[in-house]
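Each chain gets a letter, A, B and so on, in the order the sequences are listed, and its residues count up from 1.
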Number of protein chains: 2
Amino acid sequence: MFSYEYLLDLALILLCTKLLGMFTRKLRMPQVVGALLAGVVLGPSALNILHDVSFLKKTAELGVVVLMFNAGLNIDIDEMKNAGKASFIVAVIGVLVPLAGGFGIACLFNKGQYLDVTTSLFLQNMFIGVILTATSVSITVETLRELGKLSSPVGSAIIGAALIDDIIGIIALTVIASTADADVHLVLTLLKILLFFVFVAGAGFLFYKLFIYFNKRNNRDLRRYVVISFAFCLLMAFSAEHFFGVADITGAFFAGLIISHTERTKYLANRFSTLSYILLSPIFFASLGLSVDLGHGFTGSVLLFAGALLLTAVLTKVIGCGIGARLSGYSSRESLQIGVGMMSRGEVALIISQKGAALGLLSTAYFGPIILMVIATAILTPIVLKLVFHDPGHGSGHNLKFPLRRKKGLPARASDSDAPACDIQTQG
Amino acid sequence: MFSYEYLLDLALILLCTKLLGMFTRKLRMPQVVGALLAGVVLGPSALNILHDVSFLKKTAELGVVVLMFNAGLNIDIDEMKNAGKASFIVAVIGVLVPLAGGFGIACLFNKGQYLDVTTSLFLQNMFIGVILTATSVSITVETLRELGKLSSPVGSAIIGAALIDDIIGIIALTVIASTADADVHLVLTLLKILLFFVFVAGAGFLFYKLFIYFNKRNNRDLRRYVVISFAFCLLMAFSAEHFFGVADITGAFFAGLIISHTERTKYLANRFSTLSYILLSPIFFASLGLSVDLGHGFTGSVLLFAGALLLTAVLTKVIGCGIGARLSGYSSRESLQIGVGMMSRGEVALIISQKGAALGLLSTAYFGPIILMVIATAILTPIVLKLVFHDPGHGSGHNLKFPLRRKKGLPARASDSDAPACDIQTQG
């Protein structure tokens, strides 16, 4: 039978995510917060008016693949190379501490009561750690720009570290996701992951050569690059799951990373962000909110976990990245600023959560706490960041240095004027 | 359980439609022919390798809505007003004759043997007529441009008539689709259709005013126009079905037509064609090809029907439009040229077919003949068009007139250089 209710579902999701997104934007929060709230409002927590949830779930899955593809596409390898040792140290310690912290807090609360599958408790708890690894810097970038600190050493360290920690996060996810299948031996799993990276290198090399070859022959018809790139993304995502037992979003991410080397990156990133913001990413964010049932799922222990998770998320990033920054020679004050700048979580944490639920490693009972954590860190980051940048003496070295740099007519860094790459999916 | 096979399905569809589309393009046929062939190749007729057909069907449905929305968006009302009385007469007679012809041929072949539902045989056969009404001029425009005849009176008449006949076709579909529900009284149905147009006028007026209001307040953030417009399209499509029993694609088409009045049309049309060509329209065209099973569905009588349908499609358009042109004062030769220029069918015929199948008015057994008809007219049109434009005497009035016009430095019409609107979905 022909059904048309999904048209209404889509219309409601688009309207709600957009209107709430515009509202949260007005409050200087990222639009993803509004999109999550839209899902909560439309879902079982409040109105409960959506019909065709199975179609929405599938489209949301595709949305995640495209989001991660675009994240890979928007990574500037050269910029990452220039990020330097300091960013690398900040990123690595800033991933390890939240990973340990998330695992620890999960061990306290998760006794397997929400998930009756065969996956081990160790992996389930480790997964909570993985969710806490990836930073979302879009809010920090906005706030730093406002404070005029984006091109300061602190700003550069944050942006560099956030780029690197996305990649470490995706590798952590890859390892955990591969081990989810309890039957498989650990050595075999690691071998498969190794083979996957060999495959990525091989496929990347081949695709890159073919891309350059076609680029020379044809400069007129740009649409075919878009379609072929998308097909490549989907094939990589499929191959990752099918042949290597690696998460499909890992495959999509590396497909994006490979294409980010080519000449057409900007054109492609633009087209895929259009595909995302018109249809796929509103559905994805709303579908997360839909999974939350504030009325029933929020027992006392889940609420307690939500509070503990938020505290862990904030403290582990501030401490981890702060230690990394201090070790790299930043002052205590700057280290604190860097730590606070790295504390907000966003799309990637949500994407990893959705993946975990699909793999049976994460109970959807935890979606509520995780979404609350994402929303709360998004609200807290700009407030705390302004506090730690607040200068009572009105005249430290940096406060003088950067206005001077502007006065001398030196150009500000490109990133001052460009929109942050990771915000591209959810911007107005 | 989490499934990822749909990723492979999508990748195969995108690759096949693109590669076959590029191939048919090389043969100077529209890419939609390649996309249809891709579906046939991937489907039960040949490889039969797709997994998640239910997801594909739903996405294809959404693709049709977006295609019709974009068709409405690309209609230039001013250009239609300028098309004049001649185009109008060509369009009307060019719709009526194929409608009658399609109905006649269906009466001969369709005894209800392929469709065991309660819809009346009269409506089923009428529906075949409706499928034959809408012209696709993209191939004609390409050919006329090549012949240097696009801005000739013949070219203008064809483009104008094709615009108008899309709208008449959609109204015919609306009437037929509304009467599909056998329980409903005819007067009530016609009343509902009337109310639908009142609703369209009201919703259009409101949306237009709101759009202009927001446009004045905000010029920076263009993405919200795209998302809000899409939500409007989906709401109109849903309302058409839900409240008025009118086809959802009719609602989407009029939503596009309403928005085509606004300032942002070009920006919007561009974004929606991106959404179409990256994901939705390849899936739609491939899904049509998927419905065809050359191995089993093609019995002798279906094959015979395919031949008869093709002949009817060609002759009724050539005769109908030719009569219209002759009545409007064109010479016999020009009338023949106009008739031939109007004979190819394309996306709209396929969209209407898919709709008919969903409504239980068309058996999917006829998809094969219809797809063959679309492919065959696409191949025939440029060949026959060149024949009827071929001038043995090397010096008729028009042949002199238009090169002279160029020599004098007068600008060619805008449509000479622009890509045809209706081809936007399927171009490279």
Query - Flag side-chain contact, heavy atom, 4.5 Å: B/Phe230 against A/Leu10 - result: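 Answer no - side chains too far apart.
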
Once you round to the nearest 0.5 Å, how far does [atom1] of [X] lie from [atom2] of [Y]?
X: A/Leu275; Y: B/Thr274; atom1: CG; atom2: OG1; result: 9.0 Å
X: B/Arg223; Y: A/Ile278; atom1: CZ; atom2: CD1; result: 9.0 Å
X: A/Leu7; Y: B/Leu62; atom1: CG; atom2: CG; result: 7.0 Å
X: A/Arg224; Y: B/Lys18; atom1: CZ; atom2: NZ; result: 6.5 Å
X: B/Leu234; Y: A/Asp9; atom1: CG; atom2: CG; result: 10.0 Å
X: B/Leu14; Y: A/Phe232; atom1: CG; atom2: CZ; result: 14.0 Å

Query - Parallel, tilted or perpendicular: rings of A/Tyr4 and B/His242 (30°, 60°) - result: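 Perpendicular: the ring planes of B/His242 and A/Tyr4 meet at over 60°.
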
Report task. Say whether A/Glu61 and B/Tyr6, considering side chains only, have a donor N or O and an acceptor N or O under 3.5 Å apart. Result ->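 Result is yes, a qualifying pair exists.
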
Query raised in the report: Which region of A/Thr59, side chain (C-beta onward) or backbone (N, CA, C, O), has a non-hydrogen atom less than 4.5 Å from a non-hydrogen atom of chain B, or is it both or neither?
Result: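 Both the backbone and the side chain of A/Thr59 come within 4.5 Å of chain B.
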
**Report entry** B/Tyr267, OH atom: more than 12 neighbouring heavy atoms under 6.0 Å
**Finding:**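 Counting neighbours around OH of B/Tyr267, more than 12 heavy atoms of other residues, nucleotides or ligands fall under 6.0 Å, so yes.
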
Query raised in the report: side-chain contact (heavy atoms from CB on, under 4.5 Å) with A/Leu15: which residues, sequence neighbours excluded?
Result: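 Expected list: B/Ile228, B/Ala231, B/Leu235.
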
**Report entry** Over all atoms of both residues, closest heavy-atom pair of B/Phe238 and A/Glu5
**Finding:**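 In this case the closest contact between B/Phe238 and A/Glu5 is CE1-CA, 4.3 Å.
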
